[in-house]
Amino acid sequence: MEKISETDSVNHTTSVSAETGENIPSRDLTEVSLSPEKISKDLQRDAQIQTTGELPFIQDFHNNDNKILSLLNQHTGSYFSFKGLMRKLNLHQQSLTRALNRLEEIGLIQRSVNGYKLNKREQKCAISVPDKRKRSEYKQLLQTYIPTGIQTEEIVRALNGRWFSRIRWIGLMESEIGYMLQWINEDNTFQINVRIIWDHIIIETNAVSDEDKIEAMVGSCKIFEQITKLLQTRLQDHHAKALNSLRFVA
């Protein structure tokens, strides 16, 4: 019987040929364990490290892209700001940037001054991932009506993109009957929505804990204060025009 050297015993294993019965040295175990898929992933990782100087996030392409598409697909017509997507999806800034660039390049999403939203032409092709988190019921905090002469678009412009202390802007949703503006607190524990439906404004929240409910109420009052400032400005303009008209008549 042929002797196997110490080197061969360390780096190789032997197998018996079915035809000749001879011991045939096998390939190195380490080499055998590397599948083409594994080698490909390693090469991609090395290429990214050389290009960006950082390790890629795990499953960055699939998971992050799907999260964005799922959120936008659930709120058709919604605009989400970059910061709003970061807070809503809890994604790292660099991961979100890469995902948004990919989705925009292939035409699944579109970007405007209002933020990011799903491309209407691609809505049917969007990949939807169910949100397993239990959505708390939204409860109304404030409600008022929009005075005659005030356009809903004016209110939307006054609130769009604004932050109120710890209440951070998420995005804007437009529908046939009105708008919904969304904010979230810094701790991501509750959300505030302002629904503008026809001639009514409804402010609601999904806060659960007593502390969050208080913070939501304070935040909603600050939002309402901004709406009130707009109404005061319009009222002052109306009085100024009326006064000028009286002077012209006199």
Side-chain angles (χ1 to χ4, degrees), residues 40-120 122-123 125-136 156-157 159-174 179-194 205-207 211-212 215-216 219 222-223 226:
S40 177
K41 289 181 180 179
D42 288 344
L43 290 175
Q44 291 176 6
R45 183 193 61 190
D46 293 341
Q48 182 168 345
I49 293 174
Q50 292 176 4
T51 303
T52 64
E54 62 180 5
L55 285 171
F57 291 93
I58 299 174
Q59 295 180 327
D60 175 70
F61 181 83
H62 296 292
N63 287 347
N64 293 343
D65 291 19
N66 288 351
K67 285 179 181 179
I68 296 170
L69 291 175
S70 176
L71 176 63
L72 297 181
N73 199 33
Q74 291 171 19
H75 303 279
T76 304
S78 299
Y79 288 95
F80 285 88
S81 67
F82 184 86
K83 291 289 186 180
L85 288 171
M86 279 184 62
R87 292 186 176 278
K88 193 75 174 176
L89 300 174
N90 194 27
L91 290 179
H92 188 277
Q93 180 176 351
Q94 294 177 346
S95 293
L96 179 58
T97 299
R98 289 195 293 266
L100 290 173
N101 289 339
R102 283 192 297 264
L103 294 174
E104 190 175 4
E105 286 177 2
I106 61 180
L108 287 179
I109 65 172
Q110 60 187 42
R111 177 173 52 180
S112 71
V113 293
N114 292 324
Y116 296 87
K117 79 169 187 175
L118 195 66
N119 192 333
K120 291 183 179 180
E122 304 294 342
Q123 285 175 5
C125 301
I127 305 171
S128 178
V129 178
D131 188 356
K132 297 181 180 180
R133 294 174 297 179
K134 185 177 179 180
R135 184 178 181 275
S136 300
V156 171
R157 286 195 296 269
L159 297 176
N160 189 13
R162 293 187 64 92
W163 290 14
F164 300 93
S165 298
R166 285 171 41 87
I167 307 301
R168 309 304 191 188
W169 171 256
I170 297 179
L172 167 69
M173 178 178 178
E174 183 178 358
Y179 298 88
M180 182 172 74
L181 298 88
Q182 301 174 309
W183 289 264
I184 197 168
N185 70 323
E186 284 187 343
D187 299 326
N188 291 2
T189 54
F190 69 86
Q191 186 170 313
I192 294 178
N193 297 333
V194 173
T205 184
N206 62 349
E211 182 178 356
D212 283 349
E215 186 177 1
K222 290 182 179 295
I223 294 172
Q226 186 65 29

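From Ser70, atom OG reaches atom CG of Asn63 across 11.5 Å, with rounding to the nearest 0.5 Å. In this structure, NZ in Lys88 is found 11.5 Å from CG in Leu72, a value given to the nearest 0.5 Å. Atom CG of residue Leu89 and atom CG of residue Asn188 lie 10.0 Å apart, to the nearest 0.5 angstrom. Rounded to the nearest 0.5 angstrom, Asn119 CG and Ile109 CD1 are separated by 9.0 Å. Within the model, atoms CG of Leu181 and CG of Asn160 stand 6.5 Å from one another, a figure rounded to the nearest 0.5 Å.
In this structure, the salt bridge (charged side-chain N to carboxylate O under 4.0 Å, His left out) partners of Arg166, at least two apart in sequence or on a different chain, are Glu186, Asp187, Glu215. By the side chain to side chain donor-acceptor pair (under 3.5 Å) test, Asp212 is found to be paired with Thr189, Ser209, residues two or more places apart in sequence or in another chain being considered. Ser78 meets the side chain to side chain contact (heavy atoms under 4.5 Å, CB included) test with His75, Phe80, Met173; sequence neighbours excluded. When the salt bridge (charged side-chain N to carboxylate O under 4.0 Å, His left out) test is applied to Arg87, no partner is found at least two apart in sequence or on another chain. Applying the side chain to side chain donor-acceptor pair (under 3.5 Å) test to Thr97 and every residue at least two apart in sequence or in another chain returns nothing.
For Met180 against Gln182, the heavy-atom pair with the smallest separation is CE-NE2, 3.2 Å. Taking all atoms of both residues into account, the shortest heavy-atom contact from Ile192 to Ala216 is CD1-O, 3.5 Å. Annotation for Asn206 and Gln191: closest pair OD1-N, 2.6 Å, computed over non-hydrogen atoms. Nearest heavy-atom pair across Tyr79 and Gly115 is CD2-O, 3.9 Å. Met86 and Leu96 get closest at one heavy-atom pair: CG-CD2, 3.3 Å.
Between the side chain of Ser81 and the main chain of Ile170, a donor-acceptor pair closer than 3.5 Å is present.
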**Stepwise side chain to side chain contact (heavy atoms under 4.5 Å, CB included) check, Lys222 with Ile167** = CA-CA 10 Å; Lys222 290 182 179 295; Ile167 307 301; over 6 Å; no
**Worked verdict on Arg168 versus Lys83 for side chain to side chain contact (heavy atoms under 4.5 Å, CB included)** = CA-CA 8 Å; Arg168 309 304 191 188; Lys83 291 289 186 180; over 6 Å; no
**Request:** Please report the C-alpha distance between Leu85 and Leu100 in whole Å, then the side-chain angles of each, then the deciding distance to 0.1 Å, and finally whether the side chain to side chain contact (heavy atoms under 4.5 Å, CB included) criterion is met.
**Result:** CA-CA 10 Å; Leu85 288 171; Leu100 290 173; 3.9 Å; yes
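Using a 30° and 60° split on the angle between ring planes, Trp183 and Trp169 fall in the perpendicular class, above 60°.
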